[in-house]
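Here's the structure we're looking at; comments come further down.
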4 protein chains.
Amino acid sequence: MTTSAGEAVGRVQRKRGRRIQQILTTAAELFGERGYDGVSLEDVAERLDVTKGSLYYYFSSKDELVTAAIETLGNDWTDRLERLRAAQDGPPAARLRGLIRAHVAIAVNEYPAALRLFLVPGTWPQAQRTRITALRRRHDQVFRTVLTEGVESGDFAVVGIDVTLQVMHAAMSQAPLWCAEGAPGERDRTLDELADALMKLVAR
Amino acid sequence: MTTSAGEAVGRVQRKRGRRIQQILTTAAELFGERGYDGVSLEDVAERLDVTKGSLYYYFSSKDELVTAAIETLGNDWTDRLERLRAAQDGPPAARLRGLIRAHVAIAVNEYPAALRLFLVPGTWPQAQRTRITALRRRHDQVFRTVLTEGVESGDFAVVGIDVTLQVMHAAMSQAPLWCAEGAPGERDRTLDELADALMKLVAR
Amino acid sequence: MTTSAGEAVGRVQRKRGRRIQQILTTAAELFGERGYDGVSLEDVAERLDVTKGSLYYYFSSKDELVTAAIETLGNDWTDRLERLRAAQDGPPAARLRGLIRAHVAIAVNEYPAALRLFLVPGTWPQAQRTRITALRRRHDQVFRTVLTEGVESGDFAVVGIDVTLQVMHAAMSQAPLWCAEGAPGERDRTLDELADALMKLVAR
Amino acid sequence: MTTSAGEAVGRVQRKRGRRIQQILTTAAELFGERGYDGVSLEDVAERLDVTKGSLYYYFSSKDELVTAAIETLGNDWTDRLERLRAAQDGPPAARLRGLIRAHVAIAVNEYPAALRLFLVPGTWPQAQRTRITALRRRHDQVFRTVLTEGVESGDFAVVGIDVTLQVMHAAMSQAPLWCAEGAPGERDRTLDELADALMKLVAR
DNA sequence: GATGAATGAGTTTTCATTCAT
DNA sequence: GATGAATGAAAACTCATTCAT
């Protein structure tokens, strides 16, 4: 044996991790598209080209799978926004607009389905709601930071920070529902318009 | 017999109509709370204190019941907003704000559940979506009229009428999710804030 | 209408009751034969010539059905023994022997399966155990009464009342396992022997 | 190399044997506690801290594992009783009582679960029943020998040898169900009582 | 009009078993 | 020897729908 047992364990673990990610990605897509009740484990399994039973090897229930899927998707998304914010500089207005634009671009282009995951938590079993709320809070924080900065520097004028964040979040989450159609070029213009409209919320 | 057959028929019809309204109201509440798949006909029947079978006397399928429930609720709501608008006068800003304020008040106080009915149409069976879209359009029209007037009169400055309506609608529909808690007094203040924030979208 | 609504309700209730009894009898037979895990609801349904779904109309889970089945069977049995005891007279020995003989006759001829229902409660889901224990206690009481009488009158001499009852119960419950075979005539002789053997437990 | 290939094979065999014993002991415990259907191979594997797959290296099916487990347990038990009987002397009554006392002590203290293994063979798949019956017969033989001797010597008077053995066996197997509770001291007294009660079955 | 009963198709879940590594 | 992964068949349970009364 040229590899130690430890390495072997590590390799197996990594492989398992990759498989789980695969499942979660697929699940997130499907549940995002059609909601909790709209997707059966059969559906998930079929898209992965395995049998239902296999899913139970990794997750002990539909609820657990869904929770994990939401968590993964939400964290990935927030990570990207956080990295973007960390990399930004310039005046608050430019930075906030950048975040908004990035958020709706991800929403519309990559997770057209995610709306349902965060927007309507009432649909989910109780267990999931807590997690979703936590994710949502972390997600909010990215925008709150920039917004607060702008308000304190006098660049922004808002009715209230909380209410402004709520409006932004609502509008961004909804975006996929009405921006999905149209050619890519047109879509980009629509997204720009949306970002511009939301920036009015902080205009002096 | 002092009543003619015609009157008897009429009376029966009215009674039937009232029963149907009862069912629709209850159904709208439940479906609004928990979504299409989250509510079984058993649930609806139980809340009405009848049996599942009876529902089939009035509606030939779950879908039909749901469609009718959405329609009723949506029309009632829009009717109220239209009456309000017809009764309004004064400058566009005051009128638009009045409409927004009335809308969120209805949403939060009376149909806290309606969010799901209009906001996430993807959840509904295809048949319903068409109706929902139509309702949504009629609903939009109320706001669009005032918004267009204000823009044309130069009272409002917007990025785009469509995008502004979308943002407003999204924010108003979401409102019940974050305004539900708190004492009535505090809630009113939150709704005022929301209306103020949305008015920034049309500020010059 | 010649029958009042009350009568109609009563008739429906009775019909429902009869149906439930039918199901319970069948279920008790099957579960007695093959145990909790050995019988699927499909099995029960098939024997009743209905579909699984129908069972759920009357019982909300397999556990509930099983519990009810055990309860019914246990109560019927005890009722019969109690009636027998009430009708008996004569010296304690004759009465005790009569009870024992009746008990094993019922066990062997009518509920050859019941053994598992009372003898090995560990097999059953926790919820059922409580009920089974209660049934068992009521059942014991029939024998305890006569046994105590005999001891107090000096007709019986026992090592201890509790231990004697336990031995009797164990032996009677087991009987179907080794008395089932043989012609009816031979079987009767075996049951007589068993009753005689158990009477030695109380001999002076 | 100081050990020959043969010795190596032997060592491996012994190791294999020990592993098998380990599995069988664990399996016997679990199956005794919860019955055939109540225990999954996953349960057995987990308790042994191996994976399900590994069990298939030693046993080709669940049935085979269960059969072997029962066999082992039953043989051990009978061996101990046979050795005890071989070592006994004195009058038949003392010897029979000794056997009974030893049997219930083992049952209650060591295999509180074994009841299900022997008492309710109907639970087991057909294949196992034959083996269980054989074991049971061997087990019976120990008691039958002493009982017969006592009857022939005139020390015992019984209704019938078979029926007496059946009653004894039933009572002893049940013992764990009602002797399990209480402090060790009290438990011993209960077991003594049980032995005394059973001795009445052979009293002149 | 209304109800109780029944159905059947679909969904979640479990588990003995197989197998490549 | 042992493991992780996968399978497939069967089980419990749900629910929209139908229908005789």
Side-chain angles (χ1 to χ4, degrees), chain A residues 5 8-9 11-13 15-16 19-20 36-45 48-65, chain B residues 12 15-16 19 36-37 39-45 48-66 125, chain C residues 5 8-9 11-13 15-16 19-20 37-45 48-65, chain D residues 12 15-16 19 36-37 39-45 48-66:
Chain A
V9 166
R11 189 154 23 83
V12 166
Q13 286 290 355
K15 195 165 172 188
R16 183 181 171 89
R19 192 88 183 92
I20 288 182
Y36 184 82
D37 295 289
V39 178
S40 73
L41 291 188
E42 183 68 49
D43 295 335
V44 179
L48 284 162
D49 206 38
V50 297
T51 60
K52 264 179 300 179
S54 302
L55 297 180
Y56 280 88
Y57 181 69
Y58 295 99
F59 302 94
S60 64
S61 70
K62 185 181 182 179
D63 275 24
E64 199 181 297
L65 169 58
Chain B
V12 167
K15 194 170 171 190
R16 181 180 169 90
R19 194 93 186 88
Y36 183 80
D37 294 290
V39 177
S40 71
L41 289 189
E42 187 64 50
D43 295 335
V44 179
L48 284 162
D49 206 37
V50 297
T51 60
K52 253 192 299 187
S54 303
L55 296 180
Y56 278 86
Y57 182 73
Y58 296 100
F59 303 94
S60 66
S61 72
K62 186 181 183 181
D63 277 22
E64 199 180 297
L65 168 59
V66 168
Chain C
V9 167
R11 190 154 22 83
V12 167
Q13 286 290 355
K15 195 166 173 188
R16 181 179 173 91
R19 192 88 184 94
I20 288 181
D37 294 289
V39 178
S40 72
L41 290 189
E42 183 67 48
D43 295 337
V44 179
L48 284 163
D49 206 38
V50 295
T51 59
K52 261 182 301 180
S54 301
L55 297 180
Y56 281 91
Y57 181 69
Y58 295 99
F59 302 94
S60 64
S61 71
K62 185 180 182 181
D63 276 23
E64 200 181 295
L65 168 58
Chain D
V12 166
K15 192 170 170 192
R16 181 181 168 89
R19 194 92 186 89
Y36 183 80
D37 294 291
V39 178
S40 72
L41 290 190
E42 185 64 51
D43 295 335
V44 179
L48 285 162
D49 206 36
V50 297
T51 60
K52 253 190 299 185
S54 302
L55 296 179
Y56 279 86
Y57 183 74
Y58 295 100
F59 303 93
S60 65
S61 72
K62 184 181 183 180
D63 277 22
E64 199 181 297
L65 168 59
V66 168

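Quick note on labels: first sequence line is chain A, next is B, and so on, each numbered from 1.
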When rounded to the nearest 0.5 angstrom, what distance separates CG in C/Leu65 from CD1 in C/Ile20? 10.5 Å
Give a yes or no answer on whether the side chain of A/Lys52 reaches the backbone of A/Ser40 with a donor-acceptor pair at less than 3.5 Å. no
Please report, rounded to the nearest Å, how far the P atom of E/dT7 is from the CD atom of C/Glu42. 12 Å
More 5' along DNA chain E: C/Arg16 or D/Ser61, using each one's nearest nucleotide? C/Arg16
All heavy atoms of C/Gly38 vs all of D/Asp37, minimum pair found to be N-OD2, 4.2 Å
C/Glu64 and C/Ser60: which non-hydrogen atoms are nearest, and at how many Å? OE1-OG, 2.6 Å
Take the protein atom CG of D/Asp43 and the nucleotide atom P of E/dT14, then report the distance between them rounded to whole Å. 12 Å
Heavy-atom nearest nucleotide on DNA chain F for D/Val50 versus C/Lys62: which residue maps closer to 5'? D/Val50
Of the non-hydrogen atoms in D/Leu55 and D/Leu41, which two are nearest, and what is the gap between them? CD1-O, 3.7 Å
Would you classify A/Val39 as touching base, sugar-phosphate or nothing, given that sugar-phosphate means primed atoms plus P, OP1 and OP2, and contacts are heavy atoms under 4.0 Å? sugar-phosphate
Assign each of B/Asp49 and A/Leu41 the nucleotide of DNA chain E bearing its closest heavy atom; nearer the 5' end lies the nucleotide of B/Asp49
Pick base, sugar-phosphate or nothing for B/Lys52, based on heavy-atom distances below 4.0 Å to the nucleic acid. base
Enumerate the residues from residues 53-60 of chain B whose closest heavy atom to DNA chain E is under 4.0 Å, giving them by residue number; use none for an empty result. B/Gly53, B/Ser54, B/Tyr57, B/Tyr58
So, for A/Lys62 and A/Tyr56, which heavy atoms are closest and what is the spacing to 0.1 Å? N-OH, 4.4 Å
Find the distance between CZ (A/Arg19) and OH (A/Tyr57) and round it off to the nearest 0.5 Å. 11.5 Å
Of all nucleotides in DNA chain F that come within under 4.0 Å of a heavy atom of chain B, which is furthest toward the 5' end and which toward the 3' end? F/dA16 to F/dT18
Where DNA chain F forms stems, i.e. three or more consecutive Watson-Crick or G-U pairs with both distances under 3.5 Å: E:2-21 with F:2-21
Hey, could you give me the CG/OH distance between D/Asp63 and D/Tyr36, rounded to the nearest 0.5 Å? 3.5 Å
